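Here the structure is a predicted model, which is why all the values come from computation and not from measurement. Whatever order the structure lists ligands and atoms in, that order sets their numbers, starting from 1.
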Amino acid sequence: MIYNFSAGPAVLPKDVLKKAQTELTDFNNSGMSVMEMSHRSNIYLHIHEEAKTLLKELMAIPDSYDVLFLQGGASLQFTMVPLNLNTHESIGFIDTGIWSQKAIQEAKRLNRDISIIASSQEQNYQTIPTEFHLPDRKLDYIHLTTNNTIEGTAFKTIPSFKDTRLVADMSSNILSNNYQVTDFDLIYAGAQKNMGPAGVTVVILKKDLLKKNPTLPPMLSYEAQAKSDSLYNTPPTFSIYMMSLVLKWLKELGGVEKMLQYNQEKAEILYNYLDNSNLFSSLVNDSSRSLMNVPFTTGNQELDAEFITLATRKGLLNLKGYRTVGGMRASLYNAMPKDGVIALVELLQSFEKERGN
Ligand code: PMP
């Protein structure tokens, strides 16, 4: 038995993979694979629309928002968001880690005016800021990263900035919690953690943000992408199909609220163990802990490496921490079963018994 704790691309629900397997060479009696279909065919368009409808339903996305399926990963959104939304003023950033920093870097590359309204850099990114310093000048929008995949922190509640638009990189915790779409003006997320395989990036945005801009290449324009229903060019059809299967799976499980409960139970098992262990400890402040990514360490690089080797041998895979953080990181995305977390804690316990003092 293998458990995959990868930070992304990440574990997918086994039932989804099996379903895709049964449909791989012959989808819905078409005689062909989804991979072989024209993106303009009715049979594919049905998949496309179904994925959109399911996402709208699961996230309670109102009709005043559009849903786009784009390519280029969340990384391209670091560029597309400022290109489309930052027309006159400054951009506010909440800096909570490496992925926020990347978003900042890309806005700077476009010569945008940047205001860092809060940062937890001095706390080694082990907390989520709760105080924000808004500049005197106007902001086009504020950007935050709801879940920090590398540092293992997450916003429990979303700050409100009244009249200023809010943009979120939700790549690593979309569909895992009870965030309200209406608290945001734009949300983006790569699929490869909670929604499916890599290749498709979801953008959810308020329709009033869709402005025609003839100087923007259509591939980089939300308005052009929305107008063509994300079919301006060939979309990543198979990734969108896989996403529709994951969304169906989530709906059958009871939706996002149910998933949140399950994720809380899973994370609690691991954090409880870490908080009571004499060998391993969590790196993150209690109030800022992510349910999705849990970095932890013994504080001793050699012991950490020894644990990772043992875990790999036991089928608990991809537990090595990100290089700037070190130690271990267990990613507990939606598709990670509770049994995986229990197996991890049992191995931590037996390692502690043997190697701890
Ligand atoms: N933002 C966050 C929070 C991420 O975790 C990642 C990927 N690990 C990215 C952005 C970049 O995503 P992509 O690889 O899809 O460009």
**Student:** With heavy atoms under 4.0 Å as the rule, classify the contact between Tyr322 and ligand 1 as side chain, backbone, both or neither.
**Tutor:** neither
**Student:** Can any side-chain N or O of Arg137 pair as donor or acceptor with the backbone N or O of Ser90 at less than 3.5 Å?
**Tutor:** no
**Student:** Considering only protein heavy atoms, which is closest to atom 12 (O) of ligand 1, and at what distance to one decimal place?
**Tutor:** Ala74 CB, 3.5 Å
**Student:** Under a heavy-atom criterion of less than 4.0 Å, does Lys102 contact ligand 1?
**Tutor:** no
**Student:** Between Ser171 and ligand 1, find which residue part has any heavy-atom pair under 4.0 Å and reply side chain, backbone, both or neither.
**Tutor:** side chain
**Student:** Regarding Asp95 and Ser119, is there a side-chain donor-to-acceptor distance under 3.5 Å anywhere?
**Tutor:** yes
**Student:** Check Lys248 with Asp15, please: is the shortest side-chain N to carboxylate O separation under 4.0 Å?
**Tutor:** no
**Student:** What residue and atom, counting heavy atoms only, is the protein's closest point to atom 1 (N) of ligand 1, and at what distance?
**Tutor:** Asp169 OD2, 2.6 Å
**Student:** Within the 4.0 Å heavy-atom shell around Thr149, which atoms of ligand 1 are there?
**Tutor:** 2 (C), 3 (C), 4 (C), 5 (O)
**Student:** Answer with yes or no whether the side chains of Asn285 and Ser287 bring together a donor and an acceptor at under 3.5 Å.
**Tutor:** no
**Student:** Of all residues at least two apart in sequence or in a different chain, which pass the ring-ring contact (aromatic ring centres under 6.0 Å, His included) check with Tyr273?
**Tutor:** none
**Student:** Would you mind listing which atoms of ligand 1 come within a distance below 4.0 Å of any non-hydrogen atom of Gly73?
**Tutor:** 15 (O), 16 (O)
**Student:** Classify the side-chain pair Asn173/Asn194 by whether it contains a donor and acceptor separated by less than 3.5 Å.
**Tutor:** no
**Student:** Quick one: nearest non-hydrogen protein atom to atom 8 (N) of ligand 1, plus distance?
**Tutor:** Lys193 NZ, 2.9 Å
**Student:** Of all the atoms in ligand 1, which lie at a distance below 4.0 Å from a heavy atom belonging to Phe78?
**Tutor:** 10 (C)
**Student:** Under 4.0 Å from any heavy atom of Asn147, which atoms of ligand 1 are there?
**Tutor:** 3 (C)
**Student:** Given Gly72, Ala191, Ser75, which has its nearest heavy atom closest to atom 16 (O) of ligand 1?
**Tutor:** Ser75
**Student:** Assess, by modelled atom type and distance only, whether the side chains of Glu50 and Ser244 contain a donor and an acceptor separated by less than 3.5 Å.
**Tutor:** no
**Student:** For Gln192, is the nearest heavy atom under 4.0 Å from an atom of ligand 1?
**Tutor:** yes
**Student:** Among Lys108, Lys102, Arg109, whose salt bridge (Lys or Arg N to Asp or Glu O under 4.0 Å) with Glu106 holds?
**Tutor:** Arg109
**Student:** Examine the side chains of Asn293 and Asn147 and answer whether a donor and an acceptor come within less than 3.5 Å of each other.
**Tutor:** yes
**Student:** Counting non-hydrogen protein atoms only, what is the nearest one to atom 6 (C) of ligand 1? Give residue, atom name and distance.
**Tutor:** Trp99 CE2, 3.4 Å
